[in-house]
Participant: 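Let me give you the structure first, and then I'll get to my questions.
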Amino acid sequence: MLATLRSATLVGIDGRPVRVEVHVSTGLPAYHVVGLPDASGRESRERVRAALLSSDLPWPMQRITVNLAPGGLRKTGAGFELAVAIGLLVAGEALPYSVVTDLGVLGELGLDGSVRRVPGVLALVDALRRAGVRRVIVPLANAAEAALVDGVEICPARTLAELRACLEGEADWPAIPALPPPSPDRGDGADSEEPLDLADVRGLPTARLALAASAAGGHHLLLVGPPGTGKTMLARRLPTILPELTREAALEVTRIHSVAGHAPTHTLASTPPFRAPHHTASTAALVGGGSGRPSPGEVTLAHHGILFLDELGEFAPSTLDALRQPLEDGVVRIARQGMTLAFPARFVLVACTNPCPCGLGARACRCDRAQRSRYGRRLSAPLLDRFDLRLPVEPSELGEPPGVASAVTREQVMVAVERQRARLCGTSWSHNARIPAGALERFVPLSAAAAEAWLLLSGARELTGRGSARIRRVARTLADLDDRDEITATDLATAGVLRADITVS
Ligand SMILES: [Zn+2]
């Protein structure tokens, strides 16, 4: 007796359909799983058996073969267990075949017959939908997330016994739980209860302008200054002025965080992610990889959002080097078991750093030459060059008035974002910062006067082509923030100030 069910496995952050074939035949009792399962797939026998017996359901004392197809695809995790258990019920005639025809099944089993959550349900259900499956059983804990996929009926499962009764029509399916309200993902373990606001930071008008430009135009931002200047406070408030994600981006972000096993929000993320890994984070934690199933790193968790690196100069040089590829390509490639996985990693890099190890900088520095040159090597020229916006931050004067509130700055950012969307509509570039140099003439035209100012500025600073292109993009964002079509010579001069020549050591 053969039963075939539909399921799916994760490859990177994508789901791939898998057929689960359960075959029961006469012969000595045995249990085999074939078709490239990983260790947890091979060990499924005990969990499936215990779950069936705990649920007062029969375990066939026969020869059981489970085949996971296609055979060439490596399957990860224990997410096939529920499909195997249902297949055994059908093969043992405890369930009619008709109820599982074209049924998608995702879920792990507890020894007590409970159905446990699996990572990446959004991607898995989406893969089944694309394969033509219209009805999918998922663990109740994953149901709200699964229901984000349009065009698929979601059947939530709590326990194996209840699931059997629902499939037989003896009981109603449990209701899909409501989505919890979205909460901004800060990624740094900080207490997200306390609302942050730019009004908390005094002074720093230039750094605030740079922050708004970064939020609107997607420009990488570096703030350099001694401790206590408020640069970190300012950067941490960036999420309060970011525009909401589009639905498409929100689905992608939710899908990535679901694959990473982030629980239990599983609502559609509407706020761009803000990830703030510590400087002791390993290269694998930052860019992805690790043993077993490769997991997305911080750069991927920050996709469509912000990667915030505080104390940039304290990160290991090899770790900072590993950022180069994602900064360049917007993607991380990880080679594993004869195949290459691609994780999306299109983020805005925001970083703070001290000017030198002691943090006091030129005026009062206590570092010796060796310390400073070591620090300088970490913040290599190629890395510093990536930042469209980089500026020194000096301590605010005492008695400066409280800053402008986040809500006010966010309005201004939204105006700029609308202009930018209209400009870049139909292109693959989401932000001014991503317009290629070759397309600047068309998308960031300059008047004759502005063009002259741009050439003078580039000449006076001896800027490379890349450097002056970065200034031109920032000037476009500054004009957008001011709700203007035309870029002025002042915009270009301000953009030049916002891209200061930072020398470390
Ligand atoms: Zn120093």
Participant: Could you list the residues that satisfy side chain to side chain contact (heavy atoms under 4.5 Å, CB included) with Ala407, not counting sequence neighbours?
Facilitator: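 With sequence neighbours excluded, Ala407 shows a side chain to side chain contact (heavy atoms under 4.5 Å, CB included) to no residue whatsoever.
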
Participant: Between Thr300 and Ala345, is there a donor-acceptor pair closer than 3.5 Å when you use the side chain of the first and the backbone of the second?
Facilitator: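 No.
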
Participant: Would a distance-only check, ignoring hydrogens and angles, find a side-chain to backbone donor-acceptor pair under 3.5 Å from Ser270 to Glu244?
Facilitator: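 The answer is no, because no donor-acceptor pair under 3.5 Å joins these two groups.
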
Participant: Can you list everything that forms a side-chain hydrogen bond (donor to acceptor under 3.5 Å, both in side chains) with Arg470? Sequence neighbours excluded, please.
Facilitator: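 Applying side-chain hydrogen bond (donor to acceptor under 3.5 Å, both in side chains) to Arg470 gives Asp388.
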
Participant: Just jot down the salt bridge (charged side-chain N to carboxylate O under 4.0 Å, His left out) partners of Arg116, sequence neighbours excluded, or say none.
Facilitator: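 Residues passing salt bridge (charged side-chain N to carboxylate O under 4.0 Å, His left out) with Arg116: none at all.
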
Participant: Please answer whether the main-chain N or O of Arg134 pairs with a side-chain N or O of Asp102 as donor and acceptor at a distance below 3.5 Å.
Facilitator: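 No, Asp102 side chain to Arg134 backbone: no donor-acceptor pair under 3.5 Å.
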
Participant: Any donor-acceptor pair under 3.5 Å linking the side chain of Asp197 with the backbone of Ser406?
Facilitator: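 Such a contact is found between Asp197 side chain and Ser406 backbone.
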
Participant: I'd like to check the salt bridge (charged side-chain N to carboxylate O under 4.0 Å, His left out) partners of Glu252; sequence neighbours left out, ordered by chain and number.
Facilitator: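 Partners of Glu252 under the salt bridge (charged side-chain N to carboxylate O under 4.0 Å, His left out) test: none.
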
Participant: Would you say His278's side chain and Thr280's backbone share a donor-acceptor pair under 3.5 angstrom?
Facilitator: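 Present.
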
Participant: If a pair satisfies side chain to side chain donor-acceptor pair (under 3.5 Å) and one of its residues is in residues 306-320, list it, with sequence neighbours excluded.
Facilitator: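 Those involving residues 306-320 are Thr232-Asp310, Thr283-Thr319.
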
Participant: Going by the ring-ring contact (aromatic ring centres under 6.0 Å, His included) test, which pairs reach into residues 308-335, not counting sequence neighbours?
Facilitator: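 Listed by first then second residue: Phe274-Phe308.
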
Participant: Could you tell me which residues satisfy side-chain hydrogen bond (donor to acceptor under 3.5 Å, both in side chains) with Glu248, sequence neighbours excluded, listed by chain and number?
Facilitator: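 In terms of side-chain hydrogen bond (donor to acceptor under 3.5 Å, both in side chains), with neighbours along the sequence ignored, Glu248 is linked to no residue.
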
Participant: Check whether more than 12 heavy atoms from other residues, nucleotides or ligands sit under 6.0 Å from atom CZ of Arg63, and answer yes or no.
Facilitator: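 Atom CZ in Arg63 is not crowded, with 12 or fewer foreign heavy atoms closer than 6.0 Å.
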
Participant: For a quick test of your reading: what N or O donor-acceptor pairs under 3.5 Å do the side chains of residues 12-26 make, sequence neighbours left out?
Facilitator:
unit_1	atom_1	unit_2	atom_2	d
Asp14	OD1	Arg255	NH2	3.1
Glu21	OE1	Asn67	ND2	3.0

Participant: With no hydrogens and no angle check, is any side-chain donor or acceptor of Arg237 less than 3.5 Å from a backbone partner on Met233?
Facilitator: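 The answer is yes, because a donor-acceptor pair under 3.5 Å joins these two groups.
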
Participant: For Leu384, is there any backbone N or O sitting under 3.5 Å from a side-chain donor or acceptor partner on Arg390?
Facilitator: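 Yes; judged by distance alone, with no hydrogens or angles, the pair exists.
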
Participant: Report the residues that fulfil ring-ring contact (aromatic ring centres under 6.0 Å, His included) with Tyr97, sequence neighbours left out, ordered by chain and then residue number.
Facilitator: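 Partners of Tyr97 by the ring-ring contact (aromatic ring centres under 6.0 Å, His included) criterion come out as none, since no residue qualifies.
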
Participant: Shortest non-hydrogen contact from His304 to Leu245?
Facilitator: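 What the structure gives for the nearest pair is O-CD2, 3.5 Å.
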
Participant: Between the side chain of Gln420 and the main-chain N/O of Ala216, is any donor-acceptor distance below 3.5 Å?
Facilitator: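 Yes; judged by distance alone, with no hydrogens or angles, the pair exists.
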
Participant: Quick one: side chain to side chain contact (heavy atoms under 4.5 Å, CB included) partners of Ala213, sequence neighbours excluded?
Facilitator: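 By the side chain to side chain contact (heavy atoms under 4.5 Å, CB included) rule, Ala213 matches Leu389, Thr477, Leu478, Leu481.
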
Participant: Would you check, one step at a time, whether the test side chain to side chain contact (heavy atoms under 4.5 Å, CB included) holds for Leu301 with Ile256?
Facilitator: CA-CA 7 Å; Leu301 296 172; Ile256 290 170; 4.0 Å; yes

Participant: With Glu328, which residues qualify under side-chain hydrogen bond (donor to acceptor under 3.5 Å, both in side chains), at least two apart?
Facilitator: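 side-chain hydrogen bond (donor to acceptor under 3.5 Å, both in side chains) check on Glu328 returns Arg386.
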
Participant: Short question: side chain of Ser214, backbone of Ala210 - any donor-acceptor pair under 3.5 Å?
Facilitator: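 Pair absent, no side-chain N/O of Ser214 close to backbone of Ala210.
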
Participant: Determine whether a donor-acceptor pair (N or O, by modelled atom type, separation under 3.5 Å) exists between the side chain of Asp329 and the backbone of Val331.
Facilitator: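 Side chain of Asp329 to backbone of Val331, a donor-acceptor pair under 3.5 Å: no, none is there.
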
Participant: Residues two or more places apart in sequence or in another chain: which of them pass salt bridge (charged side-chain N to carboxylate O under 4.0 Å, His left out) with Arg135?
Facilitator: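 Checked Arg135 against salt bridge (charged side-chain N to carboxylate O under 4.0 Å, His left out); matches are Glu153.
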
